[in-house]
Enquirer: 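Handing you a structure now.
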Amino acid sequence: EGLNPETIRVYMTTHNVLKEFKDDFKISDISLSFIEEFDDHMREVNGNSGGGRNPKHKNFRTVILDMIKHDIPVKNPYLWFKIPQANTKEVYLERTELDQLRKLRPKLSHDSTMYKVLQMYLFACYCGLRFSDVIDLKWNHIDFENNLIKKTMIKTKSDVITPLFTMARAVALELSDSKRLIGSKKNVFYGFKEPTVNKTLVKLTQMAGIEKHITYHS
């Protein structure tokens, strides 16, 4: 109740992997051995690295803690199980790399998924918005007169005001249908799913000659 669709999608992915591991199990089956065998299944059968197994363990742990909070008698094996971490080190794009991505725009068809994802990603970089907030962004959230974005963050539920910088404004105006959409309740960007965006970003970084692996999270 109250979760955004992208969060629900992530939890359903974890649910499906759990059902692959053991189709029918009871709350009383949850134990340290169960978690260890689940981790082995993801690593050996599904070929998931530490980074791939990490969010599924976190989802499962969150559900267990929620059951405990509601006085449902269940063990929490994560007190003794160390959740695997991604082997990669998180780094950030440099200004020159962002410029390399910007230079791709004339090479792409404006109707292509590649171009649409690139514009959405660049806009997010200019404004510092999460994936979920860019997907949720509506034209009436943008104050073009004062160059501000005012909206409630999907993840934190807090109200935030962020500047609409020149390059972000240019991206928005390009999508505004000659300014006819400004002020409406329609979404600014296309409803791409996170996996589609991240797969497209991999292709874009390769085209731009950037060696970093870019991912965009909710």
Enquirer: Is the closest basic N to carboxylate O distance between Lys26 and Asp29 below 4.0 Å?
Expert: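 Here Lys26 does not pair with Asp29 in a salt bridge, since their nearest N and O are not under 4.0 Å apart.
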Enquirer: Side-chain contact, heavy-atom cut-off 4.5 Å: Leu204 with Leu201?
Expert: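 Yes; the side chains approach each other to less than 4.5 Å.
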Enquirer: In Å, rounded to the nearest 0.5 Å, how long is the span from OH of Tyr121 to CZ of Arg102?
Expert: 14.0 Å
Enquirer: Please name the pair of heavy atoms, one in Met120 and one in Tyr190, separated by the smallest distance, quoted to 0.1 Å.
Expert: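 Of all heavy-atom pairs spanning Met120 and Tyr190, the closest is SD-O, 4.4 Å.
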Enquirer: After noting the C-alpha distance and the side-chain angles of Phe165 and Asn147, does the key distance pass the side-chain contact (heavy atoms from CB on, under 4.5 Å) rule?
Expert: CA-CA 7 Å; Phe165 293 111; Asn147 287 320; over 6 Å; no
Enquirer: What heavy-atom pair brings Ile27 and Pro73 nearest, and what distance separates the two atoms?
Expert: CG2-O, 3.8 Å
Enquirer: I need the Lys75 NZ to Leu32 CG distance, nearest 0.5 Å.
Expert: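 The CG atom of Leu32 is 10.0 Å from NZ of Lys75, to the nearest 0.5 Å.
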Enquirer: Would you say the side-chain atoms of Asn54 pair up with the backbone N or O of Gly50, donor to acceptor, closer than 3.5 Å?
Expert: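 It does not hold such a pair.
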Enquirer: Atom CD of residue position Glu211 - does it have more than 12 heavy atoms of other residues, nucleotides or ligands inside 6.0 Å?
Expert: no
Enquirer: Tell me if a side-chain donor or acceptor on Arg53 pairs with a main-chain N or O of Asn48 at a distance below 3.5 Å.
Expert: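 Yes, the answer is positive, given that a donor and an acceptor are paired below the 3.5 Å cut-off.
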Enquirer: Are Ile161 and Met153 connected into the same hydrophobic cluster when the rule is that any two of I, L, V, M, F, W, Y join if their side-chain heavy atoms are below 4.5 Å apart?
Expert: no
Enquirer: Hydrophobic cluster membership, with links at side-chain heavy-atom distances under 4.5 Å among I/L/V/M/F/W/Y: are Leu98 and Met114 in one?
Expert: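 They do share one cluster, since a chain of ILVMFWY contacts under 4.5 Å joins Leu98 to Met114.
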Enquirer: Distance from Leu65 atom CG to Lys69 atom NZ, nearest 0.5 Å?
Expert: 9.0 Å
Enquirer: Return the orientation label for the Trp139 and Phe144 ring planes: parallel under 30°, perpendicular over 60°, tilted otherwise.
Expert: parallel
Enquirer: I need the Lys193 NZ to Thr196 OG1 distance, nearest 0.5 Å.
Expert: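 Taking NZ in Lys193 and OG1 in Thr196, the distance rounds to 9.0 Å.
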Enquirer: Taking the side chain as every heavy atom from C-beta outward, state whether His57 and Thr14 have any pair of such atoms under 4.5 Å apart.
Expert: no
Enquirer: In the structure I gave you, are the side-chain heavy atoms of Phe192 and Thr113 within less than 4.5 Å of one another anywhere?
Expert: yes
Enquirer: Is it the case that one hydrophobic cluster holds both Val45 and Val17, taking links as side-chain heavy atoms less than 4.5 Å apart, direct or via other members?
Expert: no
Enquirer: Could you tell me whether Asp99 and Lys103 have a side-chain N and a carboxylate O separated by less than 4.0 Å?
Expert: no
Enquirer: So does Tyr78 get a backbone contact from the side chain of Arg61, meaning a donor-acceptor N/O pair under 3.5 Å?
Expert: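 Checking the backbone N and O of Tyr78 against the side chain of Arg61, no donor-acceptor pair under 3.5 Å is found.
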Enquirer: With sequence neighbours excluded, tell me which residues meet side-chain contact (heavy atoms from CB on, under 4.5 Å) with Lys138.
Expert: Asp136, Asn140, His141, Asn187
Enquirer: Taking atom NZ as the centre, does Lys199 end up with more than 12 heavy-atom neighbours from other residues, nucleotides or ligands that are less than 6.0 angstrom away?
Expert: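 No.
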Enquirer: Minimum heavy-atom separation for Pro163 to Leu148, with atom names?
Expert: CA-CD2, 4.2 Å
Enquirer: Heavy atoms, side chains only, cut-off 4.5 Å: are Tyr115 and Leu104 in contact?
Expert: no
Enquirer: Looking at every non-hydrogen atom in both residues, tell me the closest pair between Cys127 and Ile149 and how far apart they are.
Expert: SG-CD1, 3.7 Å
Enquirer: Contact between Leu108 and Met207 at the side-chain level, heavy atoms closer than 4.5 Å - yes or no?
Expert: yes
Enquirer: Checking Asp143 side chain against Asn146 main chain: does a donor-acceptor pair fall under 3.5 Å?
Expert: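 Here the side-chain-to-backbone pair exists.
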Enquirer: Could you go through the side-chain contact (heavy atoms from CB on, under 4.5 Å) check for Leu137 and Phe123 one step at a time?
Expert: CA-CA 11 Å; Leu137 186 69; Phe123 182 90; 3.6 Å; yes
Enquirer: Tell me whether Val63 shares a hydrophobic cluster with Ile8, the cluster being built from Ile, Leu, Val, Met, Phe, Trp, Tyr side chains joined at under 4.5 Å.
Expert: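 Unlinked, Val63 and Ile8 end up in two clusters.
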Enquirer: Taking it one step at a time, do Asp39 and Phe81 satisfy side-chain contact (heavy atoms from CB on, under 4.5 Å)?
Expert: CA-CA 10 Å; Asp39 189 67; Phe81 181 85; 3.8 Å; yes
Enquirer: Roughly how far, to the nearest 0.5 Å, is the NE2 atom of His15 from the CG atom of Asn59?
Expert: 12.0 Å
Enquirer: When the ring centroid of Phe38 is compared with that of Phe21, is the distance short of 6.0 Å?
Expert: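 Yes, the ring of Phe38 comes within the 6.0 Å limit of the ring of Phe21, centre to centre.
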Enquirer: If you define the side chain from C-beta out and look only at heavy atoms, does anything of Val160 sit under 4.5 Å from Ser158?
Expert: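 When only atoms from C-beta onward are counted, Ser158 and Val160 do touch, with a gap below 4.5 Å.
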Enquirer: Please report the shortest heavy-atom distance between Leu101 and Ala208, naming the atom on each side.
Expert: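 For Leu101 and Ala208, the tightest heavy-atom pair comes out as CD2-CB, 4.1 Å.
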Enquirer: Does the pair Gln119 and Arg105 meet the rule for a side-chain contact (heavy atoms from CB on, under 4.5 Å), with working shown?
Expert: CA-CA 8 Å; Gln119 287 291 77; Arg105 292 177 301 163; 3.1 Å; yes
Enquirer: Just by modelled atom types, is the Glu94 backbone N or O under 3.5 Å from a matching donor or acceptor in the Glu97 side chain?
Expert: yes
Enquirer: What about Tyr92 and Leu118, same hydrophobic cluster or not, with Ile/Leu/Val/Met/Phe/Trp/Tyr joined at side-chain heavy-atom distances under 4.5 Å?
Expert: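 Different hydrophobic clusters.
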Enquirer: Going from NZ on Lys56 to CG on Asn16, what distance comes out if it is rounded to the nearest 0.5 angstrom?
Expert: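 Between Lys56 NZ and Asn16 CG, I get 10.5 Å after rounding to 0.5 Å.
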Enquirer: Is it true that a side-chain atom of Lys116 and a backbone atom of Ser112 form a donor plus acceptor pair closer than 3.5 Å?
Expert: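 Judged by distance alone, no pair lies under 3.5 Å.
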Enquirer: Locate the shortest heavy-atom distance separating Thr205 from Val202; write the atom from each residue and the value.
Expert: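 For Thr205 and Val202, the tightest heavy-atom pair comes out as OG1-O, 2.8 Å.
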Enquirer: Just so I know, are the side chains of Leu122 and Met167 near enough to count as touching, which here means a heavy-atom distance under 4.5 Å?
Expert: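 SC-SC contact between Leu122 and Met167 ruled out.
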Enquirer: For Ile83, is there any backbone N or O sitting under 3.5 Å from a side-chain donor or acceptor partner on Gln85?
Expert: yes
Enquirer: Using a 4.5 Å cut-off on heavy atoms from C-beta on, say whether the side chain of Glu194 contacts that of Val10.
Expert: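 Val10 vs Glu194: side chains apart.
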